[in-house]
Protein chains: 2
Amino acid sequence: MTVVNHAALAVSTVIFALRPDDASALKTLWLPLVRRTRQPHEGQWALPGGWLPDAEQLADAAARTLHETTSLAPTYLEQLFTFGDVGRSPGHRVVSVVYWALVQSDEAARAAEGENVRWFAADQLPGLAFDHNKIVEYALWRLRTKVEYSRIAHAFLGDTFTLTQLREVHEAVLRRPLDPANFRRTLESSGTLVDTGRHVAGARHRPARLYRYDDSDAHSGHGPSGAPAPPHT
Amino acid sequence: MTVVNHAALAVSTVIFALRPDDASALKTLWLPLVRRTRQPHEGQWALPGGWLPDAEQLADAAARTLHETTSLAPTYLEQLFTFGDVGRSPGHRVVSVVYWALVQSDEAARAAEGENVRWFAADQLPGLAFDHNKIVEYALWRLRTKVEYSRIAHAFLGDTFTLTQLREVHEAVLRRPLDPANFRRTLESSGTLVDTGRHVAGARHRPARLYRYDDSDAHSGHGPSGAPAPPHT
DNA sequence: GCAAAAGTGTTGCGGGTACACCCATGC
DNA sequence: GCATGGGTGTACCCGCAACACTTTTGC
């Protein structure tokens, strides 16, 4: 078979985690970036990623580079978009298949950070290499849009969680307060929550119920059940 | 710069048009396929597409192959998904950036058709080459989902149209009847329609108003105005 | 008891659906 | 006039936002 093109194929990932903001009690979205150690854009911050190995699935390559930069495993990973503008990388044509990922907040606290890996507040990014600012902006829009109609918010949390914890994730992502009463009813009537029967004690108020998500598909958040979700590859 | 991967980069397009179905008065979704003239899958039907030229934008490559197979220009073109499973093409790794397109129905009637290009009803496809059946299924899901919340249906029509024509497009895509009265109000209150003042005469009933779409953005169908739409590249 | 957050009840508004009804044209 | 689709009016239902209220804990 003859390969007639020479564009390089890269895979990059926008990784989101929730972190407590300084001064503000609210959690905000943060993401890890890596400093480029070679041309082009040497010294600038960029999304984690790399060339696509011949024998590796696209999503696997995204999860791997994610792990290599943060030492974390994603709880959610989905293809975002493929960026391939002719001029987006100086010198050579590069087509980047970009994924976006969510990682658990408590794990993100002990994520790797070093000279060439640093976490940034998602809405206060410096000028990034290539078209990565535009990519992050689009990923943020997708995250905020999808949180409103899908059940991805729990990817920031552990297996079990209280409704208040889940509501705080929504509030942090959407940047607006939500009514606790209505939030509770909306999720309870969605049928995706399972009451574990356990409670969280210790706080000086009524103990909150612990929930977990119903994994029996049918609630994937993509149209009517049975509809094709975005391919998982 | 060192290119460290050798996966081949292809661009393919799922092209939709509405055509009158035999016997049934309703229009249904059709799409053009090309017969493969070489291995692998020689003789089988496949999506139009080709290798990505070094200096061509992704969307341009999609529009070009679309034009080469159908002699048509798309009225709507959007990136669908990038398919890159390791085993999806026998022998060599192929990553396909897939677009989906809508073409006008009246033009589709005079679209090119020949020995190696043929139109098929979208829900009665034969077994296609590679993973193209899965790709079409996903494109159909995206089209049907997006018609319900976005304003893409007019891409099947000309510059001006009656509300009945637009409703028939929705009905054909969604495969269910819609109430004419409510359909009218929903669209009128959406603020995206502009009354041209002209009417369609000649039928033996009250003449229908001709509308066109308001092009002054702000109604792109992607979240709140100003939100990043899927990159247009 | 008091503070604080969990959890419940209730009301009203708005968008969508169903369906009855009037309007304008060709024949 | 009559048939046919264009176009309007209206009542109902349901989901959601607002907000008052009750419950259960720690101190």
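Below, chains carry the letters A, B, ... as their sequence lines are ordered, and counting in each starts from 1.
For B/Phe183 and D/dT8, the CZ to P distance is 15 Å, given to the nearest whole Å. Between B/Asn182 atom CG and D/dA11 atom P the separation is 15 Å, expressed in whole Å. Atom P of nucleotide D/dG6 and atom CZ of B/Arg198 are separated by 17 Å, given to the nearest angstrom. Rounding to whole angstrom units, CG of residue B/Leu178 and C1' of D/dG6 are separated by 17 Å. The nearest whole Å value for the distance from the CZ atom in A/Arg167 to the P atom in C/dG7 is 11 Å. In this entry the distance linking CG of A/Asp179 with C1' of C/dA6 reads 13 Å, nearest Å. Atom C1' of nucleotide D/dC16 and atom CG of A/Leu187 are separated by 13 Å, given to the nearest angstrom. The CG atom of B/Leu193 sits 12 Å away from the P atom of D/dG7 (whole-angstrom rounding).
Backbone-only contact: B/Ala203 has heavy atoms under 4.0 Å from sugar-phosphate atoms and none from a base. No engagement by A/Thr186 is indicated, since no non-hydrogen atom pair under 4.0 Å with the nucleic acid exists. At the heavy-atom level, A/Ser189 lies nowhere under 4.0 Å from the strands shown.
In this structure, A/Tyr138 and A/Trp141 have parallel ring planes: the angle between them is below the 30° cut-off, well short of the 60° mark.
B/Thr162 and B/Thr164 share no donor-acceptor pair across their side chains, judged by distance under 3.5 Å alone. Under 3.5 Å, the side chains of B/Ser190 and B/Arg151 contain no donor-acceptor pair of N or O atoms.
Side-chain atoms of A/Arg185 and base atoms of C/dG7 include no donor and acceptor less than 3.5 Å apart. With hydrogens and angles ignored, a donor-acceptor pair under 3.5 angstrom links the side chain of A/Arg206 to the base of D/dT23.
The side chain to side chain contact (heavy atoms under 4.5 Å, CB included) test with B/Leu143 is passed by exactly one of B/Leu80, B/Val14, B/Ile152, B/Leu174: B/Ile152.
Picking from D/dG7, C/dG7, C/dA24 the nucleotide with the shortest atom distance to the side chain of B/Pro207 gives C/dA24. With D/dT8, C/dT8, D/dG6 as the candidates, the nucleotide lying closest to the side chain of B/Arg209 is D/dT8.
Nearer the 5' end of DNA chain C, as judged by each residue's closest nucleotide, is the contact made by A/His199, out of A/His199 and B/Arg204. Each of A/Ala181 and A/His205 has a nearest nucleotide on DNA chain D; the 5'-most of these lies closest to A/Ala181.
Salt-bridge formation is detected for the pair A/Arg176/A/Glu148: a Lys NZ or Arg NE/NH1/NH2 atom is positioned less than 4.0 Å from an Asp or Glu carboxylate oxygen.
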